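On a predicted model such as this, the values are computed, not experimentally measured, just so you know. Side-chain atoms are counted along with the backbone in the values below, which use heavy atoms only and exclude waters and symmetry mates.
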Amino acid sequence: MKKDIKGWLVFISKAALSLGLAWFAIIKADPNELMLSLSKTNFITLLSALAATFLGVVVVQSLEIYYSVAEKGKLTIASLLKINTSMMFYSLFLPSALTLYIRWKKYNEHEVDPYASATLVGVHKILQILTACLFTLASVLLFNKDIFPSIEEFTYLVSAITAAILVPTLVITIFKNQLAFVQNKTSLPFKIINKILGAINKFTDLSASNKTKVIFYVVVQHFLFVASAWILLIHIFPETSFISVLFIRSLLVILLAFPISVGGLGVREIIFFSLFPLFGVPPAEALTASLLLFLINVLIAFAGGALELFKPIRQLLKSDIQ
């Protein structure tokens, strides 16, 4: 009971922070420019961005998960499409712990090892962060602009971030037999190490073919995240550079790895509003694109909610027929 209350209090705090940051960006923007930039977006543009987002968070991620599960049980790509769509609803409106529990239940219904399904989250998060780090660095190398620190400084920064992730995992992998005592520890640092260790073990157990497929789909998913923002921005502000979107969107993926917001709301708005003007994109146009991205996430979440709503109805009808 106490854990449930704590989870909801954390979720409410994150929601308040998200709304506060988003509202701060909105009141700082010119309302007339916001309405003008919004008028530049048509239905086709919004639908294209929605398609790119849906392909990334649902379709490609389903393929990524499918090839990262060694023992699939009854899990299919079709069932993963349904799970990922419905999880968009839960992740937007429920605390993280409850969302993870629901995901575990859904995987368990398809006879997937609960431990494997839990560590999948760690595998994908690590791969997403590393991919985002690489593309952040690549965008800096491709787009030489005075606002960036020197290449040497930025390379050092990205290397430090990457090392912070890779070094502990490599040490644990090499000496995992000597670190058996970790399994019996319950403090937060040991729990984190446990999750990383479990994620690495599950990933290294995959065949070379499946590892390649998983990494390929992670990269494709990242490009779809970038594409969804770029589609909106080039219609609102045609001079928007793809490299600038690649840089900011990749940086955002890294920042959103820290669960301090709900659905990225607030953090995304502040980043878009603050950084895109450095690349020549007016703040109102950048903020409009960010808010539209949140709207797209909400629409996909509602689709997931509809799937969950009709699930008991379908089961009831099925039982009546039988």
Side chains of [X] and [Y]: does their closest heavy-atom pair fall under 4.5 Å?
{"X": "Phe279", "Y": "Phe247", "value": "yes"}
{"X": "Phe237", "Y": "Thr240", "value": "yes"}
{"X": "Phe54", "Y": "Ile296", "value": "no"}
{"X": "Tyr107", "Y": "His110", "value": "no"}
{"X": "Lys106", "Y": "Ser86", "value": "yes"}
{"X": "Ile254", "Y": "Cys133", "value": "yes"}
{"X": "Leu251", "Y": "Leu275", "value": "yes"}
{"X": "Phe276", "Y": "Val245", "value": "yes"}

>> As a quick check of understanding, evaluate side chain to side chain contact (heavy atoms under 4.5 Å, CB included) for Asn84 and Arg103, giving each step before the final call.
In response: CA-CA 9 Å; Asn84 282 345; Arg103 185 186 292 274; 3.8 Å; yes
> Excluding sequence neighbours, so at least two apart, what forms side-chain contact (heavy atoms from CB on, under 4.5 Å) with Tyr66?
Replying inline: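 So Tyr66 forms a side-chain contact (heavy atoms from CB on, under 4.5 Å) with Lys72, Ile77, Leu80.
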> What is the minimum heavy-atom distance between Ile270 and Ala25, and which atoms define it?
Replying inline: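 Smallest interatomic distance, heavy atoms only, reads CD1-CB, 4.2 Å.
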> Atom CD1 of Ile215 and atom OG of Ser68: how far apart are they, to the nearest 0.5 Å?
Replying inline: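 Rounded to the nearest 0.5 Å, the CD1-OG separation comes out at 11.5 Å.
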> Got a second to check how far Ile102's CD1 is from Ile83's CD1, nearest 0.5 Å?
Replying inline: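 So the gap between those two atoms works out to 12.0 Å.
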Counting N and O atoms only, with roles assigned by atom type, does the side chain of [X] sit under 3.5 Å from a partner on the main chain of [Y], one being a donor and the other an acceptor?
{"X": "Thr45", "Y": "Thr41", "answer": "no"}
{"X": "Arg268", "Y": "Arg249", "answer": "no"}
{"X": "Ser37", "Y": "Leu34", "answer": "yes"}
{"X": "Gln221", "Y": "Val218", "answer": "no"}
{"X": "Ser290", "Y": "Leu287", "answer": "no"}

>> The criterion is ring pair (Phe, Tyr, Trp, His ring centres under 6.0 Å); which residues satisfy it with His222, sequence neighbours excluded?
In response: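 Testing His222 for ring pair (Phe, Tyr, Trp, His ring centres under 6.0 Å), a comparison that skips the adjacent residues, returns Phe135.
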>> For Ile300 and Phe89: C-alpha separation, side-chain torsions, deciding distance, then whether side chain to side chain contact (heavy atoms under 4.5 Å, CB included) applies.
In response: CA-CA 8 Å; Ile300 297 174; Phe89 172 78; over 6 Å; no
>> Whether Glu285 and Lys40 form a salt bridge (side-chain N of Lys/Arg under 4.0 Å from carboxylate O of Asp/Glu) is what I want to check.
In response: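 A salt bridge is present here (some side-chain N lies under 4.0 Å from a carboxylate O).
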> Hey, are Glu308 and Lys82 close enough for a salt bridge, meaning a charged N less than 4.0 Å from a carboxylate O?
Replying inline: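 Salt bridge between Glu308 and Lys82, a charged N being under 4.0 Å from a carboxylate O: no.
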>> Apply side chain to side chain contact (heavy atoms under 4.5 Å, CB included) to residues Leu92 and Phe294 and explain how you reach the verdict.
In response: CA-CA 10 Å; Leu92 195 61; Phe294 179 69; 4.1 Å; yes
>> Less than 3.5 Å apart, any donor N or O on the side chain of Thr76 or Ser79 sitting next to an acceptor on the other?
In response: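 Ser79 and Thr76 do have a side-chain donor-acceptor pair below 3.5 Å.
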Are [X] and [Y] joined in one hydrophobic group, where the rule is that I, L, V, M, F, W and Y side chains link up if heavy atoms are under 4.5 Å apart?
{"X": "Val298", "Y": "Ile26", "answer": "no"}
{"X": "Leu295", "Y": "Leu252", "answer": "yes"}
{"X": "Leu19", "Y": "Leu292", "answer": "yes"}
{"X": "Ile243", "Y": "Val226", "answer": "yes"}
{"X": "Leu36", "Y": "Ile234", "answer": "no"}

>> The test is side chain to side chain contact (heavy atoms under 4.5 Å, CB included); show your working for Val253 and Ile129 and say whether it passes.
In response: CA-CA 7 Å; Val253 170; Ile129 292 172; 5.7 Å; no
